[in-house]
Amino acid sequence: MSEVTAVPKQAAGQPPAPTGEKPAKPRRVKRSLEARIQTVLGIALVLALFALPLYLDDSLLTMGQAVMAAAVGAIGLNLLTGVTGQLSLAHAFFIAIGTYGYAYFSGSPGGVATEYGGLELPPLLGATMAVILAGLAGLAFSPIASRLSGIYLGVASLSLVFLGQHLLFNWEGVTGGPNGRAVPTFTLAGLVFGTPQPGDPQVFLFNVPLRRNELLWYLFLVVLILAYLFARNLLRGRPGRALQMIRDKQTAAAVMGVNVRRYKSAAFVVSSMYAGAAGVLLALFLRNPTPGSFGLILSVTYLAMIVIGGLGSIPGAVVGAAFVAATPLLLNRYADFIPFLAQPGSGGVDSGTLAKYLYGGAVVVVLLLEPGGVAALGRRLLFTLTGTTRRQKMRAAAPVSSSVAETGDETTAETGADSVEDGVPGRSDNGGGAPSTQSLDSPPGSSPAPPSQGPDRGTEPPTEGNRRP
Amino acid sequence: MSFFLELLINGLSVGAVYALIALGFVIIFKATEVINFAHGSLLLLGGYTISELTPETNFYLALLVGLTVTALGALFIERILALRIRTANTNTLAIMTIGFDVVLTADLVRRIGVDPRSLFDPWKNDTVQVIGVTIPLTRLVAIGSAVVLLTAFFLAFKYTSWGVAMRASAEDAEAATLMGIRRGRVAAVAWIIAGVLACIAVVFLVAFPTPGLDGSVIPVALKAFPAAILGGLDSTAGALVGGLIVGVAEQLTLGYSSELSFLGRGFAEVMPYVIMIIVLLIKPSGLFGTREVSRV
């Protein structure tokens with residue numbers, strides 16, 4: 001019942017987005033205060049991140065690299081799971097492809113116990129090829145991915161992690177087997193992103209020598225910024241709207257002319273390419289990746305990142321990645337100052353276990369109390385600071401689809417429809433740092449039911465209303 | 001031939017245990033539309049409780065406590081999820097169970113430590129001769145227990161008022177509620193049953209001939225996922241068939257691994273997932289699952 005009414009509702013929400021028939025006229029709308037604050041904050045943050053390596057010690061620099069590598073992957077997973085609503089546990093598999101792809105394409109043959117090969121291509125070329133390879137792997141899986149929806153995909157993607165593990169442990173010629181393999185040092189335009197050898201050129205920035213960790217920090221930061229901007233622009237454009245609509249109501253999306261199957265495949269491919277990029281960064285950061293680090297637990301940590309940061313929010317993914325990736329390292333660093341922490345292996349709570357309590361617990365608490373995650377909190381804070389009281393702004397700050405009443409009860413549905421109309425002018429206000437890409441498009445009440453079946457073949461666990469008796 | 005028979009019986013036994021776990025997934029899914037990724041850690045919880053108690057008391061008492069603890073653990077997760085079940089979608093709830101799983105697994109693995117523990121079950125490492133092949137007694141007990149439990153479950157599912165309520169709310173939740181069925185109670189009972197099944201499954205998963213209870217039982221328990229999926233997530237009979245298929249296929253791959261060495265070491269571990277992918281490519285809702293159709 002609820003979805004019959006849902007279709008016109010979505011339709012009413014759509015006109016501002018270019019739907020193809022009428023190209024929307026470019027409107028110059030004065031950017032809102034929030035948008036400007038977001039831009040300023042964003043620029044300040046980037047500048048700070050560029051300045052930080054000059055002051056941080058090595059362990060913090062490594063931590064920053066871990067966080068940025070994770071952030072790239074988390075943005076990718078968020079495009080798939082948060083934005084398109086396709087639960088995937090296969091992220092670790094695609095990350096592994098990036099890591100070992102880069103190590104194989106650019107690495108040189110070697111190995112002590114197990115011999116492995118390498119193509120010795122230039123690092124930049126190798127890295128690019130690794131990312132493309134991850135994308136191709138995503139494409140190969142997409143016949144399954146696009147046919148299955150929701151929870152079936154989540155479980156089917158589980159198989160990729162286990163198949164990936166099997167492959168990594170057995171394909172010793174590429175991965176080096178259980179002991180892992182060496183990763184080639186990244187070089188770009190004469191810069192060596194590794195431990196400086198006597199003959200290598202030394203680079204100084206404000207009299208601070210840029211060694212391996214500083215250079216890698218800058219490399220990771222540039223990749224992260226590019227990944228961030230690409231994802232943000234993708235979400236703002238037509239594909240982003242289509243993906244969000246597939247999440248909110250697959251049938252409605254198909255009715256509106258979105259090629260559901262193709263978009264789902266595309267989301268899967270883009271997400272795997274992000275994972276591949278994160279994998280390349282991880283390779284540079286780990287130096288000697290072993291297959292064991294690409295198991296199910298890695299996929300789960302990425303899911304935790306996007307949930308804590310806020311499903312569907314790009315800045316949220318970065319914040320979530322920072323939390324999940326930095327916590328164990330910080331706990332490790334300050335273990336001596338935390339009285340109840342035990343040594344690893346002694347049976348007490350060690351830093352790794354404590355980190356798992358923290359992020360696992362955070363996932364549950366976030367989904368219970370604020371399903372929009374940190375992103376929703378940030379938005380709310382921003383609106384409070386700027387004193388915005390306009391109704392649709394607050395709506396935009398409200399928890400998004402995942403949290404919203406699915407029961408199709410009349411009151412929610414009606415207010416939801418209202419806010420679509422109110423939201424139209426607000427939509428173009430959102431020009432700045434834009435955490436709210438999703439919320440403006442899916443106002444509360446606009447049928448956030450689990451994605452249901454389009455005309456395409458496929459399956460879906462029984463949902464109320466669309467199950468044939 | 002006797003080797004094949006041995007593998008077959010082993011496979012059916014392991015498959016029956018998988019079926020118990022898979023049935024837990026399916027019941028929970030039917031009652032609440034939640035995929036319980038925390039099932040593996042619930043299993044571990046049951047095993048841990050039993051392994052803590054068995055040195056001091058007898059095995060059956062420990063099992064009873066283990067069943068209670070696992071059921072309460074499942075009920076606890078269900079109650080937390082119930083706070084959001086009306087408003088969240090299936091993905092959100094599934095991710096929440098993953099959160100529970102992370103915390104519970106980390107804690108239990110830490111407590112269990114590195115050495116596999118024995119549950120001191122009464123069957124020890126006895127073997128029996130069945131139609132000319134030697135089978136560990138635990139395998140036969142597993143088959144027997146599974147048959148009893150599954151029969152009891154299917155009878156209850158068909159004839160008791162709980163079974164009717166459960167089937168009604170799975171069929172049409174709204175109408176069931178309007179008919180006076182308390183969905184919360186149906187869901188709670190479903191989670192408790194799933195917890196009990198998981199705890200019984202763990203006893204056989206870590207019994208002889210496996211080394212014992214440690215964190216590695218979780219990936220084993222996860223093989224019930226392919227079992228549940230390939231049978232069809234909303235089909236209880238599918239869970240049984242899926243479990244048996246997975247178990248037999250896995251044991252056969254394991255037994256003939258020297259002939260299958262071109263697939264790499266330990267291919268038996270991933271065999272269930274390969275079967276699942278193949279089945280999903282042909283029948284996206286599993287062998288017995290309800291095919292979804294959407295009405296606009």
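Quick caveat, the model's predicted, so the values are computed rather than measured. We name chains A, B, ... by the order of the sequence lines, and we start the count at 1 in each one.
- When atom types are taken as modelled, the side chain of A:Thr84 and the backbone of A:Arg247 share no donor-acceptor pair closer than 3.5 angstrom.
- Within 6.0 Å of the CZ atom in B:Phe76, the count of heavy atoms belonging to other residues, nucleotides or ligands does not exceed 12.
- The part of A:Leu89 that comes within reach of chain B is its side chain, from C-beta onward, which places non-hydrogen atoms under 4.5 angstrom from that chain.
- With a threshold of 4.5 angstrom between heavy atoms, A:Leu296 approaches chain B through side-chain atoms but not through N, CA, C or O.
- Side-chain contact between B:Asn36 and B:Leu42: present, with at least one pair of heavy atoms (C-beta onward) separated by less than 4.5 Å.
- In this structure, chain A has a heavy atom under 4.5 Å from the side chain of B:Leu83, while its backbone stays farther away.
- A 6.0 Å sphere centred on CZ of B:Arg182 holds no more than 12 heavy atoms belonging to other residues, nucleotides or ligands.
- Remark: aromatic rings of B:Phe225 and B:Tyr273 are distant, center separation not under 6.0 Å.
- Side chains of B:Val220 and B:Leu43 form no contact here, defined as non-hydrogen atoms less than 4.5 Å apart.
- With a 4.5 Å cut-off on non-hydrogen atoms, A:Ala304 does not touch chain B at all.
- Both the backbone and the side chain of B:Phe267 come within less than 4.5 Å of a heavy atom in chain A.
- The parts of A:Val364 that come within reach of chain B are both its backbone and its side chain, each placing non-hydrogen atoms under 4.5 angstrom from that chain.
- If you tally non-hydrogen atom pairs under 4.5 Å between each of B:Asp107, B:Thr97, B:Leu104, B:Ile277 and chain A, the highest count goes to B:Asp107.
- Heavy atoms closer than 4.5 Å to chain A are found nowhere in B:Asp101, neither backbone nor side chain.
- Counting heavy-atom pairs under 4.5 Å between each of B:Ile95, B:Leu222, B:Leu280, B:Ile98 and chain A puts B:Ile95 at the top.
- Residue B:Ser41 comes nearest to B:Thr105 through the heavy atom pair CB-OG1, 3.3 Å, listed as atom of the first residue, atom of the second, then distance.
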Quiz item: Does the side-chain contact (heavy atoms from CB on, under 4.5 Å) test come out yes or no for A:Leu298 and A:His91, once each step is laid out?
Solution: CA-CA 8 Å; A:Leu298 187 68; A:His91 220 54; over 6 Å; no

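- Contact of B:Met96 with chain A is made through backbone and side chain together, with heavy-atom distances under 4.5 Å.
- No part of B:Leu93 comes within reach of chain A, as not one of its non-hydrogen atoms sits under 4.5 angstrom from that chain.
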